[in-house]
Amino acid sequence: MRYMITAALPYANGPLHIGHLAGAFLPADIYARYRRLVGDDVLFVCGSDEHGVAVAIQARKEGVTPRQLVDRYHPLFERLFREFDLSTDIYYRTSEALHHQTAQEFFLRFYETGQLIEQTTEQFYDPEAELFLPDRYVVGTCPHCGNDRAYGDQCEKCGSSLTPQELISPRSALTGKVPELRPTTHFFLPLDRWQERMEKYILEEHRDWKPNVLGQCRSWLQQGLAPRAITRDMDWGVAVPLDSARGKVLYVWFDAPIGYISASKAWAQRRAQTRPDASPDDWKAYWTDSTIVHFIGKDNIVFHCVVFPAMLMGHGEFRAPDYVPANEFLNLEGEKISTSRNRAVWLHEYLQDFPGKSDVLRYVLTAIMPETKDADFSWKDFQARNNNELVAIVGNFVHRVLTLIQKYYGGRVPSPGVLEPGDEKILAAVGESARGIGEALEKFRFKDALAAAVQLARDGNKYLTENEPWHRIKTDPERVKTVLFSGLQAVAGLGVVLEPFLPQSAAKIRRLVGMESVAWATAQQTPLVGAGTQLPEPELLFEKIEDAAVEAQIAKLPLAVGVASEALAPAAEAPKPDVAFEQFALTDLRVGRILKAERVKGADKLLRLEVDFGFERRTIVSGIAAYHTPEELTNKNAAFVVNLPARKLRGVESRGMLLTVEGADGTLRALWAPDEAPPGAKIA
RNA sequence: GGCGAGAUAGCUCAGCCGGUUAGAGCGCAGCACUCAUAAUGCUGAGGCCGAGGGUUCGAGUCCCUCUCUCGCUACCA
């Protein structure tokens, strides 16, 4: 069987954390390794997703070019893939020329076969920079919460989705100038035309997908698929290959999944250079005549299950994905992982703090993998699983057998005598374990599979306890030969069945038992290691992790805001361009006394405030319901802008804006004014 | 606001198309053992299966309502 396996492309605007590993990389790697072990023909690809507005924005924030930004993250990602033994056949990047070419071909294919529609809309244009501004590049005041740094696509303070036209006093993020509306033409992928085909593809042909995946898709199909813009006015990304579309690039969601294909092409090209039997076209079979499996997180479901399949089908030369085993999310110590708050376990830092322990993290993340619901990573659990499972069960079993053989036979594997039922049982357990693990993995049940592998070590421990070779050596030394021979086969079995999960440890076990073959079928053979084999000195597989080590990690979390990873930490947001004092003075800031506060009906985020300014009472609506209860605001003084145009929010006219302070975690608090200040007092 | 997923022992989680006394690992208690990184093995105590209704001979498992968590999406102009 042939398999095309992909892991979600990590976005190159921030470092990688345990969520990336547990969500997509690790299951993809385990699955790919397993498939190779059973002899399947596997192509496993991943790479950095380097385009998009978020990269451009992040680069701008840090005062570097997008190219410089991705050139910093891509090598780091590549290194981490190596260090965590993620066995991709290629780790690619979407800024490569080959990818641009592939994505452009994709676009042209759609364009030339009439599968795109063009639509002209009014969009903000920056006359000084001479270009159309992407939504993200228009900043202004949020009409909902009054945040004056809202982006044209979203206000990050109140979470509202916006269009640039909604912003109050919009300005260009590039030059600070007031942009003008001009018509611009964009290409859309008319997904509505795919409604029926997608319903068939998902609801009929893939009813076996996971409930979370199917549920998401149903939800989308129910709402009805709508055309989606696939181009943007921007200079960072894959250029739209048409003369009439200068200054436009492909929208990142369109080009990113094509990265899987570009990566496959690049793999074939590179291989063809070194192997005479290989052709640069070898990638094609994986995208036409194979089983295609995409490993992703739940936030990517719709793209991989609806949009990308439509793209592949529309192109005409590709097969649509067969499985999309999306994982849920991983939390950290009971709270969400947050890149912006620096609340994460960064992979590069983990390796600094726990050198050589990539297998341990692989083990723990597989054991708690969020397969059906969000899961929680805690350092105490990490320690417990390492100490109680890897050290005490797996490592200890291997070590017991090896040291006994060393002690009694100088490391030479003894010949077994007549097998008793217990011996047969442990010998058979190896093959059964491999079979059970295989079945679980084929159903994408990684936690079960790993538990089955550990069970083999548990069985081994039990076998030793029941047969007491350390006791029998004095009374029945012949019997001990059989017991240790049999126990060693279970150890060797671990060297095979652990390979998909813990590649380094499995390889070490194989070395310690003098076994070369890793093929899955090896586990079905008896013996795996023949009598007379000379074994090397035993070594420990895992070591205990002390309390101090995990306590240090826990202590690091709350303190970590803004201090970790100097090289990668985003710089604090730069100040806005200078403004003339006269211009600043135009803003009328006043103390207002909040007489009454209440929730705006039907709106999650809005509070309606009755505010006394001395000269008059006004109604002001503010998007802080998530951060303040009405009671907290009542009868308090706060700072307001009072000379903004009136704005209707959820039907309520708001005449002014409450000023707020943003916390490190993005939460908002009202900017209080002294209680003794009279209503209407000027602020300057 | 709409939609989706989840809510099961102290903790982390399994429970497939409804069926006899609801499972695992950790943690806890007791016993056994001492080859092993004080590691292992055995036994045991722990559950009104989120709340409330309903369908059924029978529901953790199906239906309805509600609450909480996470995700997708929207609107209030």
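Just so you know, these numbers come straight off a predicted model, no measurement behind them. Convention: sequence-line order gives letters A, B, ...; per-chain numbering from 1.
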Quiz item: Given the P atoms of G54(B) and U8(B), what is the spacing between them in whole Å?
Solution: 24 Å

Quiz item: So what does T372(A) hit on the nucleic acid, given a heavy-atom distance under 4.0 Å: a base, only sugar-phosphate, or nothing?
Solution: sugar-phosphate

Self-check item: Residues D459(A) and Q455(A): side-chain donor-acceptor under 3.5 angstrom
Solution: yes

Quiz item: What is the base-pairing partner of G25(B), counting Watson-Crick and G-U wobble geometry with both distances under 3.5 Å?
Solution: C11(B)

Practice problem: Report the nucleotide, chosen from G25(B), C70(B), G15(B), that has the shortest atom-to-atom distance to any side-chain atom of E389(A). | Solution: G25(B)

Quiz prompt | Length of the CD-P vector between Q455(A) and G25(B), whole Å | solution = 8 Å

Exercise. State plainly whether the residues K380(A) and E333(A) are in salt-bridge range, i.e. N to O under 4.0 Å.
Key: no

Self-check item: U21(B) to C49(B) separation - C1' atoms, rounded to the nearest Å
Solution: 16 Å

Exercise. Once you apply the 3.5 Å cut-off to both distances, tell me the Watson-Crick or G-U wobble partner of C3(B), or none.
Key: G71(B)

Quiz item: How would you label the contact of L221(A) with the nucleic acid (heavy atoms, under 4.0 Å): base, sugar-phosphate, or nothing?
Solution: nothing

Quiz prompt | Pairwise C1' distance, C72(B) and U61(B) [rounded to whole Å] | solution = 27 Å

Self-check item: Whole angstrom value for the distance that separates P of G41(B) from CZ of F397(A)
Solution: 11 Å

Quiz item: Paired with U65(B) by Watson-Crick or G-U wobble geometry, both distances under 3.5 Å: which nucleotide is it?
Solution: A51(B)

Quiz item: So, is N387(A) close to the U37(B) phosphate, meaning a side-chain N or O under 4.0 Å from OP1 or OP2?
Solution: no

Self-check item: Nearest-angstrom distance, C1' atom, C64(B) to U56(B)
Solution: 16 Å

Quiz item: Using atom C1' of each nucleotide, how far apart are A9(B) and G27(B) to the nearest Å?
Solution: 12 Å

Quiz item: Are side-chain N/O atoms of T482(A) and D423(A) paired as donor and acceptor at under 3.5 Å?
Solution: no

Quiz item: Separation of R385(A) atom CZ from G25(B) atom P, in whole Å?
Solution: 12 Å

Exercise. For G54(B), decide between syn and anti, treating a glycosidic angle within 90° of 0 as syn.
Key: anti

Exercise. Would you kindly give the CG-to-P distance between N331(A) and C11(B), to the nearest whole Å?
Key: 16 Å

Practice problem: With heavy atoms under 4.0 Å as the rule, sort R458(A) into base, sugar-phosphate or nothing. | Solution: sugar-phosphate

Quiz item: Just by distance, with hydrogens left out, do Q553(A) and Y350(A) show a side-chain donor and acceptor under 3.5 Å apart?
Solution: no

Practice problem: Give the rounded distance in Å between these two atoms: CD1 of I301(A) and C1' of U73(B). | Solution: 14 Å

Quiz item: Can you tell me how far C1' in A22(B) sits from the matching atom in C13(B), rounded to whole Å?
Solution: 14 Å

Quiz item: So what does R445(A) hit on the nucleic acid, given a heavy-atom distance under 4.0 Å: a base, only sugar-phosphate, or nothing?
Solution: sugar-phosphate

Practice problem: Using the C1' atom as the reference point in each nucleotide, state the distance between G46(B) and U12(B) in Å, no decimals. | Solution: 16 Å

Quiz item: Separation of E466(A) atom CD from G41(B) atom P, in whole Å?
Solution: 11 Å

Quiz prompt | Among G41(B), U40(B), G71(B), the one nearest N396(A) by side-chain distance | solution = U40(B)

Quiz prompt | For C17(B), the Watson-Crick or wobble counterpart (both distances under 3.5 Å) | solution = none

Exercise. Report the base-pairing partner of G46(B) (Watson-Crick or G-U wobble, both distances below 3.5 angstrom), or none.
Key: none

Self-check item: Minimum-distance nucleotide (side-chain atoms of K373(A) versus C26(B), A14(B), C70(B))
Solution: A14(B)

Quiz item: Are R479(A) and E420(A) close enough for a salt bridge, meaning some N to O gap below 4.0 Å?
Solution: yes

Quiz prompt | C1'-based separation of C28(B) from C35(B) [nearest Å] | solution = 28 Å

Quiz item: With both distances kept under 3.5 Å, what pairs with A32(B), Watson-Crick or G-U wobble?
Solution: U40(B)

Quiz item: Of the nucleotides C33(B), C42(B), A36(B), which has the atom closest to the R400(A) side chain?
Solution: A36(B)

Quiz item: Looking at F329(A), does the NZ or CZ of K298(A) lie under 6.0 angstrom from its six-membered ring centre and within 45 degrees of the ring axis?
Solution: yes

